[in-house]
Structure formats: C-alpha cells, structure tokens
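Each remark here refers to the structure printed beneath this line.
Numbered from 1 within each chain, the chains take letters A, B, ... in sequence-line order. Predicted, not measured: the structure shown is a model, and the values here were computed from it.
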Amino acid sequence: MSTRMTLGLAAVVLAPIVGGLIRGLDRVLTARLQGRQGPPLLQPFFDIIKLFQKEPVVVNRTQVFYAYLHLALIALATFMLATGGDALMLLFILAFSTLALVIGAMSVRSPFSRIGAQREIVMMVAYEPILILMVIGFYLANGSFRLQSVYEASRPMLLSLPLVFIAYLSVVMIKFQKSPFDLATSHHAHQEIVKGVTLEFAGPYLGMIELAHCYEAAFFLGLAGLFWATNAWMAALLAAGVFAVTLLLDNLCARLTTHWMFRFMWTVVFGLALTNIIWLYWR
Amino acid sequence: MSSIVSSEAILLLLLIAGPMIFGAAAWGVRTESARRGVVLAAVGCVVASGLALALRGPFVLAGARWLEPLGGILEAALVGVFFALGVCRRMWLVAAAAGVQAGLLVWEHFGADPASSVAPPFIVDPLSLLLVLIITLVGSVILLHGIGYMGRHAEHAPPTAAQNGRFFLVLIGFLGLMNGLVLADSLRWFAVFWEGTTLCSYFLIGHDGTEEAKASARRALTLNALGGAMLSLGMVWDHRQGGTGLISNLIANPASTPLVFLLTAAFVKSAQMPFQSWLLGAMVAPTPVSALLHSSTMVKAGSYLVLRLAPAFASTPLALVIALAGAFTFAATSAMAISQSNAKKVLAYSTIANLGLIVACSGINTPLAYAAALVVLVYHAISKALLFLCVGTIEQQIGSRHIDAMGGIFFKLPLTTTIAALGMISMMAPPFGMLVGKWMAIVSAGQTPLVLVLLVIGSALTIFFWGKWLGRIVTTAYHEKYHLEKIPRTMSAALVVLGAMVLVAGAGVMTVYRAWLRPLAISTLSHVYLQPDSLGLLQSVDSFMGWPIMVTLLVVVLAGLASFFGLRRTQVRLPYLCGENVVVGTRTFEFRSVMDQRTTAQVTSYYFTHLFGEETMTRWANLVALLILLSLFARVSLA
Amino acid sequence: MLRQFGLKKSPWVVHFNCNSCNGCDIELLACLSPLYDLERFGIIHVGNPKHADVLLVTGSVNHRNARVLKNVYDQMPEPKAVVAVGVCASTGGIFRECYNVLGGIEEVVPVDVFVPGCPARPEAVIDGIVKAAEKLDLRRRGQPVSRPSLVPETHEPSPKPAAPPETVPATPASPAAPVAAPAELAKTP
C-alpha cells in the first residue's frame with residue numbers, strides 16, 4: 001500500500017474523531033459564551049454511541065440508502081482531501097453527499113422534513129459556486145486542479161486568495177448550520193422547523209448523519225487549513241481561527257431567511273470571491 | 001474492390017433510406033397489430049445497421065455525380081413545401097424564408113461555375129459514427145417505447161389528433177434523415193436532411209391538432225425555416241467565395257462569413273438563446289417525439305454542426321463569442337428551469353442548457369473542452385431520452401405532468417420511478433457521464449474567465465431543479481410490498497434497456513473517454529496551438545480514477561439492501577405531524593386540525609419565481625443573447 | 001466497554017404539554033437556563049419524538065389529547081422512558097375530577113419516573129431525567145426495570161399521592177434552595 005493510500009485511510013479513520021472533538025469543543029465553548037457549564041467535551045461521541053444503541057426507526061424503508069450514501073460519500077471526500085485528489089471532483093462528491101441527505105429527507109411524507117430539505121438545497125446552491133470559485137482560485141495559483149499541488153505549493157494560498165478565504169468563511173457557516181444560516185436543520189438544542197432534514201431519521205440512521213457531521217467538521221476545517229498548507233502550525237492556526245469566527249458569529253447572530261441568505265451569498269460573497277479570481281487573472 | 005464499396009453503399013443506404021421505407025410501411029399497413037410488427041422490425045433493422053456501421057469503422061464513400069443535382073432537386077422540393085405551408089397556413093415568415101431560399105437556389109444554380117461542382121461524398125469518421133450510434137441505439141429504444149405509448153395515446157388524445165400511421169411514418173423516417181445529416185459531407189445534402197428534420201418536427205409537434213399544438217408547430221417551423229435560410233445563405237456565400245460546397249473543405253479553408261451563417265443556423269436548431277422558444281413549445285408533442293427529436297437527436301444536429309465546424313473557428317476571434325453564447329444559454333436556462341413546475345418544461349430547459357454547454361465547450365477550443373462536449377453529447381442523449389420516456393409514462397399513468405403532482409408515484413409506479421430517479425442522478429452526480437462532462441468543461445474553461453463564471457453559475461443552479469424534483473418523485477410512505485406497474489411491455493422494456501445503458505455507459509465513462517472521445521478530440525483540434533497548461537489539464541483528467549466512487553456506491557448499495565430487508569414492520573413509524581396523524585392507509589400527510597377536521601399538509605416545491613420567473617428572465621436574457629449573437633457577426637470583420 | 005456511555009450520558013428529551021397550566025413548563029424552561037443547564041448531563045431538549053429518548057409530560061390527560069400523547073410516545077424509538085412532571089401529569093392533580101380529564105398520563109403511556117410538585121422544581125426535573133436515563137441503560141442491557149406505581153386511594157381527589165420508591169422527593173419550595181442545588185446535582189451523575 002502506498003503512502004498516499006495509507007494517508008487517505010488514516011484520514012477516514014481519524015476525521016470523525018477529530019471532528020467529534022471539534023464539535024464537542026464547539027458545544028462547550030458555546031455553553032461558556034452563554035454562561036453555562038456545558039456538556040463534557042466527549043459529548044458528541046456519547047450521542048453517537050447512544051444513537052447506534054437505539055432502535056432503527058424509519059418512516060419508509062428506502063430512507064436507509066440515503067443515510068448510508070450521505071455518510072459514505074463524505075468519507076470518500078475526506079479520503080480524497082487527504083490523498084490530494086482532484087479538487088473539483090471532490091466538490092461534486094461533497095455535493096452528492098449533501099444531496100443524498102436532502103433526497104432522504106424528501107423521500108418521507110413529512111412536511112417539516114420537506115421544508116428543511118428544500119432549504120438545504122437552496123443552501124447548497126448558495127455556497128456551491130463559492131466553493132467552485134475557491135477551487136478555481138487554487139488552480140490559478142498553482143496551475144493544477146489536484147489538491148496535491150496545493151500541498152506542494154511553496155507559497156501559502158491565503159496570500160493569493162484572501163477574499164476567497166473570507167467567502168469560504170461564510171460557506172463554513174452554512175455548512176456547519178450556524179446562525180445566521182441554520183435554516184435547514186439546527187444543531188444541538190436549537191429548534192428550526194422541528195428538526196428539518198434530519199427529522200425523520202432516527203436511531204442508527206441519525207447516528208450516521210451525526211457521524212457525517214463530524215466528518216464535515218473535520219473536512220471543512222481541514223480545507224480551511226489548506227489556505228496555509230506550507231506550514232502545519234499555520235494551517236492549524238487558520239483552521240482554529242475559522243472555528244472561532246463561526247462560533248462567535250453563531251452566538252451573535254439571529255437566523256436569516258432563506259431568500260436573504262441566497263441573495264447575500266450570490267451578491268456579496270460571490271462578488272468577493274469573483275473579485276479575487278479576476279485579480280488573479282490580471283496579476 | 002468494387003464489391004467492398006458497394007457493401008458500404010448498401011450499409012449507408014440501409015441507414016438513410018431503410019428507416020424511411022419502414023416508416024412508409026408503418027403508414028401503409030391497416031391494423032394496429034401489423035403496425036406494431038413493422039415498428040418492431042424497424043427497431044431491429046435500425047439497431048443492426050448502426051452496429052454494423054460501428055463494426056465497419058470509418059470510411060469515405062465517394063458519391064456519384066448525379067447525386068448533386070438530385071440533392072438540388074430535393075432541396076427545391078422541400079423549399080417548395082415550406083413555401084406552400086407558409087402560404088396555406090398563413091405563416092408569412094416561413095413563406096418569406098422559403099422565398100429567400102428559393103431565390104438563393106436559383107441564383108446559385110445559374111451563378112455557379114459548373115466545373116467546381118463535385119460528387120457529394122459521405123464520410124464516416126469517429127464523430128459521425130458517434131452520432132449514428134446515438135441515433136440508432138437511443139432512437140430505436142424510443143421507437144420501442146413509442147409503440148406502447150402511442151397505443152395508449154390514441155385512447156385519450158384529442159379527436160383532432162392525426163393517425164398513428166402518419167406519426168410512425170414521420171418518426172421512423174426521421175431516423176433516416178438524421179443518419180443522413182451526420183454522414184453527409186456535401187453542404188447541399190446536409191441542407192436537404194436539415195430541412196427534412198425541420199419538416200418532421202413540424203408534423204410531430206402538431207400531431208395532436210389542438211390549438212396549442214398548432215401554434216407551437218407553427219413557431220417551431222417559423223424559427224427553423226429562418227435557420228434554414230441562414231444555412232442556405234452560408235452555403236451560397238461559401239460557393240461565391242470559391243468553396244466546393246463540402247463541409248470538410250470549409251473546415252480546411254475556413255472563411256468566417258459562411259461560418260457565422262452556418263453557426264447561426266446551428267444555434268436555431270439547438271434552440272440556443274434567443275431562439276429557445278420553439279423548443280419549449282415543442283413539448284406539447286407526444287413524449288416519444290420530445291425524447292427523440294427534442295432532446296436526444298434532432299436538436300443535437302445543431303450542436304453536431306458546431307462540433308463539426310469547431311476546427312474551422314478554432315483560434316479565431318469567433319471562438320470566444322461562441323463559447324460565451326453557449327455558456328450564457330447554459331446559465332440562463334438553468335436558472336429558468338428552477339421556476340418551472342411543468343416536468344416536460346424543466347426537461348426542455350435542461351436540454352437547452354446542456355446543448356449550450358456543448359456549444360460553450362466547442363468554443364473553448366482545447367482538446368479537453370472538445371472531449372467534454374463529446375461526453376456531454378453522448379451522455380445527455382441517453383439520460384435525457386430516458387427521462388423523457390419516464391415522464392411520458394408517468395404522465396399517462398397519473399394524468400399530470402406537474403412536478404408537485406408526482407409525490408407518491410414511487411408506490412404506484414416503482415419501476416418507472418426507480419429508473420427516472422436513476423436518470424436524474426445520472427444527470428448530476430458522480431460517477432455518471434454528465435457530471436464528468438461538466439467537470440471537464442469547468443476544468444477546461446480555466447483560461448476563459450467569463451465562460452468559466454457562467455459555467456459555475458449554471459452548474460450550481462442545475463442541482464436546484466434536479467434535487468427538488470428527484471426528492472418529489474422518490475417520496476413514499478411505508479409499503480409492505482411493491483407491485484410493478486402494469487404498462488405495455490414495449491414501454492417497460494424500453495425503460496429497462498435505457499436504464500441499463502445509463503448504468504453501463506455511466507460506469508464506463510472514463511473508458512469511453514480514453515478509448516474514443518479523447519483521441520477524437522485531439523485529432524480534431526490537432527492544428528490548434530496548445531498551451532502547455534491545457535496539456536497538463538488533459539493529463540490530470542486522464543488520471544482520474546473512478547473506482548473509489550464505484551466501490552463506495554457498491555458498499556452503500558449492499559449495506560443499504562441489508563438494512564432494507566432487516567427492518568421489521570414494528571420499526572416503521574408514522575412521520576412526525578405533532579402527534580396528530582390521521583392513521584388511515586398511506587396518506588400520511590393528513591393530520592387532524594381544528595375541530596378534528598382531516599387536513600392534508602401541503603408543501604409545494606420552491607420555485608423562486610420572483611428571481612427566476614420565466615417572463616422577466618426571458619426578456620432580459622434574450623436581449624443579452626441577441627447581443628452576443630450580433631457580436632458574432634461583428635467579429636466576422638476581425639476574423 | 002464504550003456502550004455504557006451511550007444512553008446514560010446523552011438522554012435527549014422531548015417535552016409534551018398535555019393539559020398543563022404552564023407552571024411546570026416554565027420550570028422546565030428554567031432547566032435550560034444557565035442556572036440549571038440541562039446540557040451538563042448531555043441532556044438536549046429536542047423538538048420531535050423521533051430523536052428523543054425521554055418523554056417529559058406536563059399536565060393531565062384529557063379525552064382530546066390522549067391519542068396525541070400516545071402517538072408521540074409511539075413514534076419514539078426503543079429504548080425509551082417517560083417522565084411525568086408535576087402532580088397533574090402524575091395523577092391528574094387538581095384537574096383530576098374534571099369531566100373531560102382522564103387522570104394522570106399513566107392512563108395512556110407507561111411512566112418510569114414521577115416528578116411531583118406543583119409546579120415541579122427544576123432540580124427535581126433534572127434528577128428525574130437522570131433517573132430515567134439510568135433506566136434506559138438498564139433496558140438496553142435487558143435487565144428488568146421496575147415501574148413505579150401510584151395507586152390512588154379512592155375516587156376522592158388526593159392532593160398528595162404516596163411517594164413510591166423511585167419517586168424523586170419533592171424539594172421544599174423555599175426560595176433560597178435553587179442556588180445551592182445545581183452544584184450538588186452536578187456531582188451526582
């Protein structure tokens with residue numbers, strides 16, 4: 001087995017652990033910001049263990065496929081991130097993963113779940129172009145769509161893509177379902193349209209989705225670290241910075257409407273990323 | 001040698017004239033059962049001849065000298081038909097276009113140098129072979145579906161509808177015209193087939209004879225007649241500039257003015273903005289027509305012409321404008337598809353968008369972009385034909401083509417719905433061909449920023465309308481057992497065959513790309529200067545590995561099946577409706593509201609009409625598209 | 001090994017207001033506040049029964065909402081537990097003799113923990129949930145779980161039912177108590 005394969009498999013195993021810790025830290029810090037004691041750091045793991053101990057309850061049997069698909073594809077995306085695969089294909093796989101969750105939520109006859117799913121689609125459409133522009137930024141800076149080139153680059157991406165990085169921040173906010181963008185579902189004690197996309201998943205299937213969220217946490221912070229891939233410490237610092245900003249904004253902001261989010265992402269954030277890309281062309 | 005030549009001639013004759021003969025037979029027979037037999041025989045013959053051509057491989061068949069005047073006579077006849085139709089049905093634009101064409105024909109006939117006329121050859125090269133395979137394989141499956149579909153259509157069609165005999169005459173004969181169109185090298189014969197497909201489209205759109213159908217048919221004919229006039233103009237211009245009237249010659253010695261006219265004709269045929277309105281109207285036709293003419297083959301004739309001419313306009317100022325026009329169509333129509341609730345209209349917009357993607361890729365002018373265009377061409381034909389057939393089947397079963405009415409069809413039509421879901425997934429998800437094509441397109445557009453941004457916008461919007469529709473059709477309550485729907489066997493067979501094609505071709509997309517499409521793209525654009533950058537991109541795409549995705553999907557399917565059958569009845573619960581579910585049957589959207597009334601929760605899809613409303617958006621998007629098109633003409637002076 | 005951390009440490013709670021006067025509900029909300037902070041025990045207040053492990057019910061059951069309560073209970077995946085919060089949920093309380101009231105929620109769903117009080121105090125509610133979580137874990141391991149029973153003496157309305165062994169003792173309703181109580185509870189789980 002080549003080193004790249006080993007690296008990829010290690011990432012698939014370690015990502016949920018790291019992601020779970022990140023989510024645990026998120027909950028603890030959020031509680032502290034609100035003047036509460038908060039749960040133990042390992043709480044996300046307790047939750048997932050519990051969910052796998054519960055009875056698998058479904059509304060229709062086809063749901064199970066979507067839960068598996070959601071988890072498997074995000075794991076595959078993590079694998080590709082670690083092995084330095086094609087960045088654009090990585091995004092498509094990521095989108096397919098989210099789409100699996102959306103379709104799973106729509107496959108049940110539940111109005112709450114359907115509203116959540118449609119909001120999730122709008123969210124996907126809102127952030128997808130930003131992510132693609134980010135990858136194009138990587139390409140313009142490195143001359144290759146493979147993430148390998150980002151790892152091997154001599155100059156940190158952040159210096160070429162400062163505005164894209166800011167745009168990426170809002171993508172992370174959406175992806176983590178943080179206020180002001182926690183529209184489709186919500187995390188821990190928040191409530192929105194009951195529980196949106198995840199409403200009709202229960203027991204182990206909800207556990208899989210929670211596990212996938214752990215993957216997502218590690219994945220997106222890892223992607224943030226890519227902006228300074230030349231130095232591991234700087235990458236970790238950058239990821240921590242993104243994490244801190246999302247946490248802070250989550251506790252500062254109120255929730256926005258779907259349309260507002262869509263317009264905001266397609267004008268302000270898209271404009272930011274685009275400005276950066278145009279600058280790279282003219283450089 | 002002569003025996004080999006003649007066998008090839010017979011093969012081509014079988015491909016072009018064979019379907020027409022079968023069509024005539026289908027028209028001539030009296031009974032429905034006999035007609036069914038004839039159509040089945042046509043399916044067999046078409047598939048066999050297409051595969052035979054593929055086995056034979058590329059060749060050039062020099063035509064006889066008498067073919068050229070014959071082409072002229074046929075074209076004159078077609079123009080005459082257009083003129084007559086225009087005058088009789090009061091379509092003055094059609095009559096005017098036909099008049100212009102007639103004038104051009106006469107002028108050319110008397111003005112041309114007789115020595116320059118050549119015998120029109122037919123060329124079988126990898127590109128035309130690709131098209132022939134799409135036409136014969138996908139087309140025959142659609143014919144198969146058409147047998148069952150039209151049998152049922154006759155039952156509930158309006159009384160004004162034309163006979164099924166005429167329908168099959170035009171539909172089967174169309175395949176021959178289409179084969180001829182992609183094989184002909186002479187512009188004269190190309191135009192004959194081109195006009196022929198326009199006429200087929202006119203008859204088939206107007207099949208039902210309702211006011212709406214008639215109006216749509218008229219619009220389609222009007223726009224396409226104008227496109228035909230453009231084609232004639234390009235042809236005559238080429239002649240006047242000393243061209244031989246052969247497409248291959250035009251490519252070898254490109255002259256920009258005829259090129260622009262031919263490209264405009266192609267834009268009309270592929271319903272690129274601002275000409276998209278005729279294809280949207282064409283959706284009133286019976287579904288096999290939409291599947292065959294208006295998604296997988298006839299509209300591809302336009303993008304085929306653009307692809308064919310790509311080496312001619314490569315690295316000229318025209319290329320960028322063409323790329324821009326295609327990319328703009330892709331983005332704008334993807335946005336408009338979001339606001340549509342009519343399933344066939346969504347498919348139509350998506351078709352236009354993907355044709356735009358093909359055009360955009362041909363304009364980018366790198367081998368990778370060209371390969372992306374080919375990938376989209378092939379996989380779009382299969383997937384979209386499948387989706388149209390599914391929508392047609394669903395429409396006949398539930399009596400509606402409204403997307404929001406398709407909730408719950410998974411139980412009523414498990415086979416159709418599963419295959420439709422497969423088709424939709426193949427339109428947007430890895431590792432299927434459409435996504436690979438889109439991926440290559442975005443990768444190859446790295447050097448043309450404006451095109452790139454439009455592609456990015458379009459591909460993001462694509463997820464929106466597919467996602468919400470896919471979610472709608474897979475919606476289902478719990479059912480102990482699923483029973484396959486009772487639809488005519490020809491229809492289910494067609495769906496299964498196309499579904500299998502989607503799966504097999506989807507799994508082998510990189511194989512097809514490496515073995516066929518990539519070499520074709522490289523050889524087509526061999527004369528274009530390649531930046532080292534785009535060469536690197538080509539290599540990076542080459543090294544793409546599809547197997548991790550396949551393995552993942554396989555694991556998911558196996559694990560999912562295990563869980564699916566492991567679930568017990570007691571583990572199935574009602575959906576959460578605040579505890580107020582009405583527990584009757586499967587209508588689980590029902591809840592008890594005030595005074596214990598039974599109320600159904602209604603959740604319609606998001607359409608975002610205030611942003612992507614058809615009317616407002618069409619208005620400004622048409623304007624922009626028109627400007628892009630005009631700048632194409634303006635660029636002629638630069639080229 | 002890891003399994004013991006599951007149900008005991010993350011009981012997710014869904015709250016159903018049957019017929020309550022909102023007194024107990026306000027106390028329940030107080031549990032979420034920084035002062036009591038339910039989340040210390042991994043308890044999350046979720047909005048739907050599909051995700052919940054523990055059903056918290058306040059108020060007595062009447063003819064209209066009995067089927068709703070049953071429906072919500074049925075939608076919860078096993079293993080699950082029910083906590084009756086306040087005297088109304090336990091026995092019907094002062095509404096017990098109303099013409100439309102069936103009585104305590106035990107008439108409809110099996111109850112695992114009774115939390116008395118009118119209204120129940122936040123400390124008692126939290127303690128009740130933690131006790132229910134322990135029962136969940138027992139249930140997962142397949143061990144017998146005894147259900148407490150409240151046997152009403154007669155048809156006469158009983159202002160205070162006899163506390164069964166599993167019942168949490170009601171904390172005295174003195175205003176000074178809550179400040180000290182959470183700190184104690186924090187150590188107990």
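A distance of 4.5 Å separates NE2 of His259(A) from CZ of Phe608(B), quoted to the nearest 0.5 Å. Rounded to the nearest 0.5 angstrom, Thr62(A) OG1 and Phe410(B) CZ are separated by 6.0 Å. The distance from atom OG of Ser107(A) to atom CG of Leu470(B), rounded to the nearest 0.5 Å, is 10.0 Å. Note: Glu128(A) CD to Ile457(B) CD1 = 13.5 Å, rounded to the nearest 0.5 Å.
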Discussion item. What verdict does the side-chain contact (heavy atoms from CB on, under 4.5 Å) test give for Tyr606(B) and Val122(A), after you've listed the backbone C-alpha separation in whole Å, the side-chain angles of each residue and the deciding distance to 0.1 Å?
Written reply: CA-CA 9 Å; Tyr606(B) 282 15; Val122(A) 176; 3.7 Å; yes
Discussion item. With side-chain contact (heavy atoms from CB on, under 4.5 Å) as the criterion, how do Val58(A) and Leu567(B) come out once you've worked through the C-alpha distance, each side chain's angles and the decisive distance to 0.1 Å?
Written reply: CA-CA 9 Å; Val58(A) 293; Leu567(B) 281 170; 3.7 Å; yes
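For a residue to count as touching a neighbouring chain, one of its non-hydrogen atoms must lie under 4.5 Å from one of that chain's; by this rule Met89(A) touches chain B with backbone and side chain alike. Looking at Ser459(B), only its side chain comes within 4.5 Å of chain A, counting heavy atoms on both sides. Contact of Leu553(B) with chain A is made through the side chain alone, with heavy-atom distances under 4.5 Å. Neither the backbone nor the side chain of Ser144(A) comes within less than 4.5 Å of any heavy atom in chain B. Heavy atoms closer than 4.5 Å to chain B are found in the side chain of Ile132(A), but not in its backbone.
Side-chain atoms of Asn60(A) and Val572(B), non-hydrogen and from C-beta on, never get closer than 4.5 Å to each other. Ile103(A) places a side-chain heavy atom less than 4.5 Å from the side chain of Val474(B). The shortest distance between side-chain heavy atoms of Arg472(B) and Arg114(A) falls below 4.5 Å. The side-chain heavy atoms of Thr475(B) and Val108(A), taken from C-beta on, include no pair separated by under 4.5 Å. Proximity of Thr476(B) to Arg109(A): side-chain heavy atoms (C-beta onward) are nowhere separated by under 4.5 Å.
Ser110(A) and Tyr576(B) form no side-chain donor-acceptor contact under 3.5 Å, judged by distance and modelled atom types alone.
Salt bridge status for Glu55(A) with Arg568(B): absent, with no side-chain N to carboxylate O gap under 4.0 Å.
Taking 4.5 Å as the heavy-atom cut-off, the residues of residues 274-282 of chain A that approach chain B are Leu274(A), Tyr281(A), ordered by number. Interface residues of residues 413-426 of chain B toward chain A, defined by a heavy-atom distance below 4.5 Å and sorted by number: Ile425(B). Of residues 92-101 of chain A, those residues with a non-hydrogen atom less than 4.5 Å from any non-hydrogen atom of chain B are, in numerical order, Phe92(A), Ile93(A), Phe96(A), Leu99(A).
Of the listed residues Leu91(A), Leu73(A), Leu131(A), Ile136(A), the one with more heavy-atom pairs under 4.5 angstrom with chain B than any other is Ile136(A). With chain A as partner, the option from Val551(B), Ile338(B), Leu461(B), Thr462(B) having the largest number of non-hydrogen pairs under 4.5 angstrom is Leu461(B). Here Pro449(B) is the residue among Ala429(B), Pro449(B), Ala460(B) with the most heavy-atom pairs under 4.5 Å with chain A. Between chain B and the residues Tyr66(A), Tyr205(A), Phe79(A), Trp266(A), the largest count of heavy-atom pairs under 4.5 Å involves Trp266(A). Note: Ile549(B) leads Ile549(B), Val557(B), Ile473(B) in heavy-atom pairs under 4.5 Å with chain A. The residue among Arg263(A), Met80(A), Arg146(A), Gln63(A) with the most heavy atom pairs within less than 4.5 Å of chain B is Arg263(A).
Here the closest heavy-atom approach between residue Val64(A) and residue Gly560(B) is recorded as CG2-O, 3.7 Å. Closest approach of Ser563(B) to Tyr68(A), counting heavy atoms only: OG-OH, 2.6 Å. Considering all non-hydrogen atoms of both residues, Ile121(A) and Gly467(B) come closest at CD1-C, 3.7 Å.
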Under 3.5 Å, side-chain donor or acceptor atoms of residues 430-445 of chain B against the rest of the protein: list the pairs with distances, not counting sequence neighbours.
residue   : atom : partner   : partner atom : Å
Trp439(B) : NE1  : Asp86(A)  : OD1          : 2.9
Ser444(B) : OG   : Met440(B) : O            : 3.1
Ser444(B) : OG   : Ala441(B) : O            : 2.9

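A donor-acceptor contact shorter than 3.5 Å links the side chain of Gln118(A) to the backbone of Thr604(B).
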